[in-house]
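Scroll down for the structure; my scribbles are underneath it.
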Amino acid sequence: MTIKPDLSTPVPADLGAVHFVGIGGSGMSGIARLVLGAGHRVTGSDVRDSDNIAALRRLGATIAIGHSAENLPDDVDTVVVTGALWQDNPEYRLALERGIPVLHRSQALASVIAGQRLVSVAGAHGKTTSTGMIITGLLALGEDPSFVNGGVIEELGVSSASGSGDLFVVEADESDGSFLLYDTSVALITNVDPDHLDHYGSLEAFEQAFVDFADRAREFVVISSDDAGAKHVAGRLSHERVLTFGDAADATVRVHSIETDGPVAFAITYEGAEHRARLRVPGRHNAINAAGAFAVLVGLGFDPATSLEGIARFAGTGRRFELHGTVDGVSVFDDYAHHPTEVAAALSAARTVVGGGRIIAVHQPHLYSRTRLFAKEFAEVLEQHADETVVLDVYGAREDPEPGVTGALVSERFAHPEHVAFISDWQEAAEHTARIARPGDFVITLGCGDVYRIVPQILGSLERERLA
């Protein structure tokens, strides 16, 4: 079982020397970077080396590969963990035995950002992209915000930074309720698509968390006008200032005239004026994300036209339709999509730029509970939006295995089984993908687990297939 961090644990006034268990992820490494920047000594550990870890080491962090009680320094003052950590982690267990404060990563971040003007971005989908768009827009407007994003922003090469301005932009995690810890000034809700019900227990509790998050915002709320869950939440808000965005006719920021042939182009109508833009990323969903980011910026008082120009500079984030290589005309992408709605959006965006090629999806189901609950929906969107699909086995993350829950639950629900293969062995999956790929095709790995690690195997298999 994974740990259930106690979000009521008092946060020390001074974090002192901080040890991060699982420091290599985008979120954790981003927080560690800020803690380092604030002058704290940082140590940490993770199961494997990465570019994030290399960057932190260059900044002065001491990081061990592998988890061991020996990694925990004798003089550490605070330990920071994620909800994906297992209860038997030796560093976590030793910290408890020593009586060292153990904080969830959101508590550490809340400590770092205390007293700043916080823009918090929440929602089941689109958080990382929307956060990146807001940051990119602010920088183009001449602002210098601090930020922590869930993915590396392409044009900046980092997922977090300390700025000199009063604005702090953060991707807020609703999965475990930790987004309610932040003293938010501006709340952006991209959508309230049902997810994380394993934590909340019911749809009502899930939506209530978003109501609480929004109503606590000090300045204003930005929320989708189109998403069904967001509309339910908006109807229950008591906040005095709510801006909506989307393609609804009555949206405060209305996006329309969307063109998805290549990088998405669209128009925004706000306060009677129309503004047009073409993004550097594809997909209708990114036009919607841009409208939400635009609503945040104009709500903060920035010029509409200049704000949209700044947002249009956004070039994407890591693990969001990220190209890793091309072999003999076959392009291999990776995307973080792990919910049916996200998978549909990612594959729809790919369809707009693949031309005459086909889309081959390599899907890694995430969580046993999500796979059990949404197997039918995953099969439907994969079959609708991809030409061929390879399903891997489930990435359990924080969950224990469930009997009978494997990737086969998804593949068995395809109406046309000739277009899907459930292959649990990664090398076999990579070789199968290479055999069916043709020049002009897009191969897209999908999932928020470690599916990105199969990309080198796919590229290698494509190379060998080409030489055969």
Side-chain angles (χ1 to χ4, degrees), residues 119 121 123 125-143 145 153-155 167 169 186-192 214 217 219-228 230-231 233-235 237 239-317 320-321 345 348-349 351-353:
V119 178
V121 182
H125 326 295
K127 292 190 295 291
T128 301
T129 295
S130 298
T131 304
M133 287 178 169
I134 294 169
I135 294 162
T136 303
L138 287 170
L139 291 170
L141 288 161
E143 298 295 309
I153 299 171
E154 288 293 328
E155 59 264 45
L167 287 169
V169 187
V186 179
L188 167 59
I189 298 176
T190 59
N191 45 67
V192 190
E219 298 181 37
F220 63 94
V221 179
V222 175
I223 188 167
S224 168
S225 65
D226 307 328
D227 175 71
K231 287 192 284 188
V233 168
L237 296 182
H239 206 288
E240 293 182 354
R241 189 182 181 202
V242 178
L243 284 65
T244 59
F245 70 94
D247 58 14
D250 60 349
T252 311
V253 172
R254 180 171 172 261
V255 59
H256 57 93
S257 305
I258 299 175
E259 301 173 5
T260 58
D261 184 14
V264 64
F266 57 95
I268 278 178
T269 298
Y270 171 67
E271 293 188 337
E274 185 175 293
H275 310 276
R276 292 186 173 271
R278 181 178 294 276
L279 302 181
R280 298 170 64 186
V281 290
R284 184 182 187 279
H285 63 295
N286 279 321
I288 304 297
N289 289 333
F294 175 89
V296 169
L297 295 183
V298 296
L300 287 168
F302 293 105
D303 175 71
T306 311
S307 295
L308 191 54
E309 289 173 6
I311 291 168
R313 298 183 186 183
F314 175 72
T317 59
R320 271 70 178 180
F321 199 54
S348 294
R351 182 68 67 189
T352 66
V353 292

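Just so it is clear, the structure is predicted and the values come from calculations on it, not from any experiment.
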Give the minimum heavy-atom separation between [X] and [Y], together with the two atoms involved.
X: Arg280; Y: Ala315; result: CZ-CB, 3.5 Å
X: Ala295; Y: Leu243; result: O-CD2, 3.7 Å
X: Val264; Y: Ala287; result: CG2-CB, 4.0 Å
X: His239; Y: Ala214; result: CD2-O, 3.4 Å
X: Val169; Y: Pro145; result: CG2-CB, 4.5 Å
X: Pro282; Y: Val353; result: CB-CG1, 4.0 Å

| CA sep, side-chain torsions, deciding dist, call: Leu188, Val119, side chain to side chain contact (heavy atoms under 4.5 Å, CB included) | CA-CA 8 Å; Leu188 167 59; Val119 178; 5.5 Å; no

| task | Sort out for me which residue in Thr136, Leu297, Val296 forms a side chain to side chain contact (heavy atoms under 4.5 Å, CB included) with Ile311. | result |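 Checked Thr136, Leu297, Val296 against Ile311; only one passes side chain to side chain contact (heavy atoms under 4.5 Å, CB included): Leu297.
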
Could you tell me whether the side chain of [Y] reaches within less than 4.5 Å of the side chain of [X], counting heavy atoms only?
X: Ser224; Y: Phe245; value: yes
X: Tyr270; Y: Leu308; value: no
X: Arg284; Y: Thr352; value: no
X: Leu279; Y: Phe266; value: yes
X: Asn286; Y: Asn289; value: yes
X: His285; Y: Ser348; value: no
X: Phe314; Y: Glu154; value: no
X: Glu143; Y: Leu300; value: no

| query | Are a donor atom and an acceptor atom from the side chains of Thr129 and Arg320 found within less than 3.5 Å of each other? | reply |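 Thr129 vs Arg320: no donor-acceptor pair found between side chains.
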
What distance do [X] atom [atom1] and [Y] atom [atom2] have between them, rounded to the nearest 0.5 Å?
X: Leu167; Y: Leu141; atom1: CG; atom2: CG; answer: 10.5 Å
X: Ile134; Y: Ser307; atom1: CD1; atom2: OG; answer: 11.0 Å
X: Arg278; Y: Glu259; atom1: CZ; atom2: CD; answer: 6.0 Å
X: Asp226; Y: Lys231; atom1: CG; atom2: NZ; answer: 7.0 Å

| task | Might you work through the side chain to side chain contact (heavy atoms under 4.5 Å, CB included) test for Arg254 and Ser225, ending with a clear yes or no? | result | CA-CA 9 Å; Arg254 180 171 172 261; Ser225 65; over 6 Å; no

Exam field: side chain [X] to backbone [Y], donor-acceptor pair closer than 3.5 Å:
X: Asn191; Y: Ala230; answer: no
X: Arg313; Y: Leu139; answer: no
X: Arg241; Y: Glu219; answer: no
X: Thr190; Y: His125; answer: yes
X: Thr244; Y: Thr252; answer: yes

